[in-house]
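The figures that follow rest on heavy atoms only: side chains count, while hydrogens, waters and symmetry mates do not.
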Amino acid sequence: MLRIVEKKRKIRFGICYMLFVAVILFIVLTVVQKKESLEYKSIQLENVISEIPTEIIESEEIILNKSENRFEIESKDKSCYICGVELQSVDESNVPYIEDSDGLLMLKNANTSGQVIDGIRSGTGLLEDIESQGSIEKPSYTMYYFSSTEKLKEKDYQVYIMFLIQGDVRYMQINVLDEEHALSDMQKKHMRLFTYCY
């Protein structure tokens, strides 16, 4: 009888311990999620949600232009420029930074890292010297990302480009940032993990 009581007590203790751990984990995850939502802002397009660090967006020097299929963030002093666009819904006349129709066509049909790079080089002139690149490949989508340093208007800029392929959607985000606004590796990782189709 004493063994049964002891066994029941151990079971109750185990259940209470598991509930306690679950509550602690829930609280920690909620705090982390709230912290992340304070540090990043979602920009929603027609088929894409894109994450941008709030320190860039919430500056008083920033101008944000947004439509259903693209957004353009630009600082008044030209220290920061970000363009996000769903390529299937635009032509070269309404895509900032892409001035070459052949490059845009290549990007709209791109399925590999090499095709994306060729389209970006043709359409924008960026990524002539890629410093780092990678991809996230899942059954439902592929995200390619590239970094380089570019000299524009006699000044060095960090260029970080994400290219999302999900079904028929081709989404490209070009981030051109001066040294003061440069993205950290953690910010780049967060942006590519939390930029997705819905």
Side-chain angles (χ1 to χ4, degrees), residues 25 28-45 48-59 61-62 64 70-75 77-87 96-98 107 110 112-121 123-166 169-198:
L25 278 173
V28 168
L29 290 173
T30 302
V31 168
V32 168
Q33 191 173 17
K34 282 185 178 175
K35 188 174 181 225
E36 284 183 349
S37 66
L38 291 173
E39 292 177 358
Y40 295 87
K41 184 177 177 79
S42 290
I43 294 185
Q44 188 170 318
L45 287 82
V48 175
I49 289 176
S50 184
E51 291 283 313
I52 311 288
T54 54
E55 67 197 54
I56 294 172
I57 289 186
E58 294 181 351
S59 164
E61 296 297 309
I62 293 294
L64 169 61
R70 71 177 183 87
F71 67 83
E72 188 178 3
I73 299 167
E74 189 170 1
S75 59
D77 64 357
K78 309 296 183 201
S79 61
C80 166
Y81 174 82
I82 300 174
C83 170
V85 60
E86 292 176 44
L87 295 166
Y97 224 97
I98 300 178
L107 289 167
T112 67
S113 176
Q115 291 172 343
V116 173
I117 291 168
D118 290 344
I120 291 170
R121 286 176 175 165
T124 69
L126 298 171
L127 296 186
E128 286 304 318
D129 187 20
I130 297 171
E131 294 172 350
S132 65
Q133 61 182 307
S135 65
I136 301 170
E137 298 187 39
K138 302 283 185 183
S140 60
Y141 74 93
T142 300
M143 167 79 76
Y144 296 107
Y145 50 92
F146 313 92
S147 291
S148 68
T149 300
E150 309 279 345
K151 189 171 281 296
L152 305 167
K153 298 179 181 176
E154 304 303 315
K155 187 175 174 182
D156 284 342
Y157 286 86
Q158 177 198 62
V159 172
Y160 179 61
I161 298 177
M162 297 185 295
F163 195 91
L164 174 69
I165 302 171
Q166 188 165 340
V169 176
R170 299 289 186 278
Y171 169 78
M172 182 170 68
Q173 183 171 311
I174 301 172
N175 303 273
V176 181
L177 307 155
D178 71 358
E179 187 177 359
E180 183 183 343
H181 298 88
L183 299 166
S184 68
D185 288 342
M186 188 57 70
Q187 286 175 317
K188 291 177 186 177
K189 182 178 180 181
H190 184 106
M191 288 167 67
R192 62 182 177 253
L193 289 176
F194 290 90
T195 294
Y196 57 91
C197 293
Y198 58 93

Problem - Side-chain heavy-atom pair Asn175, His181 within 4.5 angstrom cut-off - result: no
Practice task
Please name the pair of heavy atoms, one in Val176 and one in Leu152, separated by the smallest distance, quoted to 0.1 Å.
Solution key: CG1-CD1, 3.8 Å
Handout entry: Distance (rounded to the nearest 0.5 Å) between Tyr196 OH and Gln166 CD
Key = 10.5 Å
Exercise for the section: Check Met172 against Ile174 and note the closest heavy-atom contact, atom names and distance. Expected result: CE-CD1, 3.8 Å
Problem - Stepwise side-chain contact (heavy atoms from CB on, under 4.5 Å) test for Met162 and Ile136 - result: CA-CA 11 Å; Met162 297 185 295; Ile136 301 170; over 6 Å; no
Problem - From CZ (Phe194) to CD1 (Ile52), nearest 0.5 Å - result: 14.0 Å
Handout entry: Close side-chain approach of Tyr40 to Gln187, heavy-atom, < 4.5 Å
Key = yes
Handout entry: Pairwise distance CG(Leu177) to CD1(Ile73) - rounded to 0.5 angstrom
Key = 9.5 Å
Exercise for the section: Would you indicate whether the side-chain heavy atoms of Gln133 and Leu127 approach each other to under 4.5 Å? Expected result: no
Handout entry: Side chain proximity check, Ile165 to Tyr144, heavy atoms < 4.5 angstrom
Key = yes
Exercise for the section: Could you tell me whether the side chains of Tyr160 and Gln158 share a donor-acceptor contact shorter than 3.5 Å? Expected result: no
Fill in the blank from the handout: All heavy atoms of Tyr81 vs all of Glu72, minimum pair found to be CE1-OE2, 3.2 Å
Exercise for the section: Before giving the answer on side-chain contact (heavy atoms from CB on, under 4.5 Å), spell out for Cys197 and Leu164 the whole-Å C-alpha distance, their side-chain angles and the decisive distance to 0.1 Å. Expected result: CA-CA 9 Å; Cys197 293; Leu164 174 69; 3.7 Å; yes
Practice task
Mind listing the closest non-hydrogen atom pair of Ser113 and Phe146 along with its distance?
Solution key: OG-CE2, 3.7 Å
Practice task
Using a cut-off of 6.0 Å, state whether more than 12 heavy atoms not belonging to Asp129 lie near its atom CG.
Solution key: no
Practice task
Determine whether more than 12 heavy atoms belonging to other residues, nucleotides or ligands lie under 6.0 Å from atom OH of Tyr141.
Solution key: yes
Practice task
Look up atom CD1 in Ile117 and atom CD1 in Ile161, then write down how far apart they are to the nearest 0.5 Å.
Solution key: 9.5 Å
Fill in the blank from the handout: dist Ile62:CD1 -> Asp77:CG (nearest 0.5 Å) comes out at 8.0 Å
Problem - Of all pairs that satisfy salt bridge (Lys or Arg N to Asp or Glu O under 4.0 Å), the ones with a partner from residues 177-192, not counting sequence neighbours - result: Lys155-Asp178
Exercise for the section: Please examine the side chains of Tyr145 and Met191, heavy atoms only from C-beta on, and report whether any two atoms are closer than 4.5 Å. Expected result: no
Handout entry: Donor-acceptor pair, side chain of Thr54 and main chain of Glu39, under 3.5 angstrom
Key = yes
Practice task
Consider only side-chain N and O atoms of Glu51 and Ser42, and report whether a donor and an acceptor are under 3.5 Å apart.
Solution key: yes
Fill in the blank from the handout: Taken to the nearest 0.5 Å, the spacing of Gln115 CD from Leu107 CG works out to 10.0 Å
Fill in the blank from the handout: Note: Tyr157 and Ser79 closest approach over all heavy atoms is CE2-O, 3.9 Å
Exercise for the section: Applying side-chain contact (heavy atoms from CB on, under 4.5 Å) between Thr195 and each of Val48, Ile43, Ile49, report the one that passes. Expected result: Val48
Practice task
Compare every heavy atom of Arg170 with every heavy atom of Phe163, then report the nearest pair and how far apart it is.
Solution key: CE2-CD, 3.8 Å
Exercise for the section: Kindly indicate whether the side chain of Leu126, heavy atoms from C-beta on, has any atom under 4.5 Å from the side chain of Ser148. Expected result: no
